[in-house]
Amino acid sequence: MKTTRSSRFKSLPIPFRYILLAAFIFIGIYVFQSYISYMMRQSDRFLISEETLENLRAEKVPEAVIENLEKLGKDVIWGEEHFYNMLKSQLGQEAADTYRGVIFKFTFQRPEPFNLMEQFSFSASNYLLWALLAPLVYNILQAYPLDRQTAFRKKTIHFSFAILLAAFHEAASTVIYFLPPYLSGQLMISQNLINHVVPNYPAGVVGRFVEYCIIIGAFIAIDYYKKYRDKQLELIMVEKELSNAQLNALKMQLHPHFLFNTLHTISSLMEKNIEGAQKVVSQLGHLLRSILEQDQKHSIPLSEEIKYISSYLDIEQVRFNDRLQIEYDVSKETLDAMVPNLILQPLVENAVKHGFSKRTDCGVIKVSSRRLNGFLEIVIEDDGKGVPNPAAVLANPGIGIQNVKDRLKQMYRDEFQFEIKSPNHHGFIARLEIPFLKDEG
């Protein structure tokens with residue numbers, strides 16, 4: 001089995017994984033900044049050096065002018081217009097205009113060539129050193145966290161470690177930066193070099209401390225994200241367990257309700273239709289066996305649900321001496337659609353109870369299904385006596401209808417429709433619409 005770069009990266013401990021990623025991002029940013037800095041150095045820049053002053057003296061520039069130029073210092077000045085304005089402020093308008101050409105001649109600096117390794121070396125020594133120190137930084141954060149619960153003493157210790165680590169990093173990165181040119185003979189350790197490095201050391205420590213804070217901030221953000229993600233997963237698991245418990249409780253309500261009605265049917269047949277009672281018992285056994293086989297599943301294919309209600313309606317047909325007619329109009333493309341287990345049985349039972357049980361003539365119950373865009377529509381329809389206000393059936397439902405509403409809400413939240421209608425006060429139409437989903441195994 002091949003190991004991808006992504007999986008190898010994810011197998012690293014969190015400190016190494018994220019700080020290495022951050023270090024290379026910082027390097028990319030620093031190289032980009034270096035390139036911008038290089039592009040700036042390609043524009044007009046002027047420098048008043050000792051050599052500049054000597055050249056101006058050779059050109060017979062008055063000493064008073066040279067002394068005033070010397071006051072401008074030895075910093076690089078960017079842009080011809082800026083430099084000219086500084087000359088006017090220092091020398092006056094007349095002297096600036098008189099000596100402008102010769103001053104520009106000996107102060108203008110040629111563009112510097114771009115040295116990729118020189119630009120890259122400092123960023124590499126800086127940020128890759130942070131990558132090596134990342135485990136230590138992470139352990140300091142774990143030992144002395146910076147949250148509200150941490151005592152002030154521990155925060156002070158963390159701050160002290162941060163200063164020490166920043167000071168060590170500045171010293172080590174400086175050595176790493178100058179070591180290759182020194183070993184190659186391109187650089188000599190001189191007093192001028194020391195005088196340049198030492199005064200800049202405190203400012204470098206401050207810069208390293210800021211970088212330390214950035215890294216610590218990244219670690220804290222990662223830890224908070226990890227805790228947030230774990231909390232979310234925990235909440236999802238708790239919610240799932242709660243939903244499963246509620247669904248199981250609803251199913252436990254449904255089973256006794258259905259069994260009570262079926263046993264009542266068997267009891268009523270025992271004295272006058274022994275053969276019919278035996279047939280109902282056989283159908284009930286088949287039905288219970290199917291229910292037990294699917295008991296651990298909250299969703300089953302519609303084809304299985306149709307088998308359940310077929311067995312139930314077979315029982316009711318025996319009970320009413322075949323005066324009950326059943327019609328099925330189930331689309332083939334919907335047979336493998338997933339529906340809540342036992343969701344149709346209460347609707348069919350309601351059709352028998354309100355549409356047929358009090359009649360002496362024949363009655364019809366129709367079961368149909370179709371695919372409607374991305375949803376599954378199932379309709380249970382009877383031709384019995386309706387009601388003037390079918391909304392009242394949903395407003396004050398019995399156990400079966402309430403179970404249907406509760407289970408649909410548990411499983412589909414707001415992505416379902418459930419309605420009961422009684423067109424022209426004749427018969428009932430129970431219609432439910434749920435997302436069309438298939439079993440993915």
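In what follows, residues are counted from 1 in the order of the sequence shown. What's counted below: heavy atoms across the whole structure, side chains too, no hydrogens, waters or symmetry copies.
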Q: Let me see the working for Y225 and D230 under side-chain hydrogen bond (donor to acceptor under 3.5 Å, both in side chains), right down to the final yes or no.
A: CA-CA 8 Å; Y225 172 74; D230 292 343; over 6 Å; no

**Q.** Pairing residues for R57 by the side chain to side chain donor-acceptor pair (under 3.5 Å) criterion, not counting sequence neighbours
**A.**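 Counting only residues at least two positions away or on another chain, R57 forms a side chain to side chain donor-acceptor pair (under 3.5 Å) with E54, E63.
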
Decide yes or no for [X] and [Y]: does some side-chain heavy atom of the first lie under 4.5 Å from some side-chain heavy atom of the second?
X    : Y    : result
L432 : Q417 : no
I309 : E349 : no
N85  : K88  : yes
T52  : I103 : no

What's the spacing between [X] [atom1] and [Y] [atom2] if we round to 0.5 Å?
X    : Y    : atom1 : atom2 : value
I140 : L133 : CD1   : CG    : 9.0 Å
I429 : K421 : CD1   : NZ    : 5.5 Å
I306 : I378 : CD1   : CD1   : 7.0 Å
F161 : Y212 : CZ    : OH    : 9.0 Å
Q149 : K154 : CD    : NZ    : 12.0 Å
Y144 : R153 : OH    : CZ    : 7.5 Å

Q. Is it the case that R431 places NZ or CZ above or below the six-membered ring of F418, under 6.0 angstrom from the centre and within 45 degrees of the axis?
A. no

**Q.** Shortest non-hydrogen contact from N68 toward Q90
**A.** O-CG, 3.2 Å

Q: Over all heavy atoms of both residues, which pair between A96 and L91 is shortest? Give the atoms and the distance, please.
A: N-CB, 4.3 Å

Is [X] reaching over with its side chain to a backbone N or O of [Y], donor-acceptor style, under 3.5 angstrom?
X    : Y    : answer
E305 : I343 : yes
S422 : F428 : no
K409 : F416 : no
D382 : I365 : no
S311 : K307 : yes

Is the [atom1] atom of [X] crowded by more than 12 outside heavy atoms at less than 6.0 Å?
X    : atom1 : result
E94  : CD    : no
Y328 : OH    : yes
D147 : CG    : yes
E415 : CD    : no
K155 : NZ    : yes
Q93  : CD    : yes

Q.
Salt bridge or not between K366 and E381? Use side-chain N to carboxylate O under 4.0 Å.
A. no

Q: Show your reasoning for whether side chain to side chain contact (heavy atoms under 4.5 Å, CB included) applies to F209 and I163.
A: CA-CA 7 Å; F209 178 76; I163 294 295; 3.8 Å; yes

Q: Could you give me the CA-CA distance, side-chain angles and deciding distance for F152 and F159, then say whether ring pair (Phe, Tyr, Trp, His ring centres under 6.0 Å) is met?
A: CA-CA 10 Å; F152 179 76; F159 180 79; over 10 Å; no

**Q.** Short side-chain donor-acceptor distance under 3.5 Å, S331 and S369
**A.**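 Side chains of S369 and S331: no pair found under 3.5 Å.
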
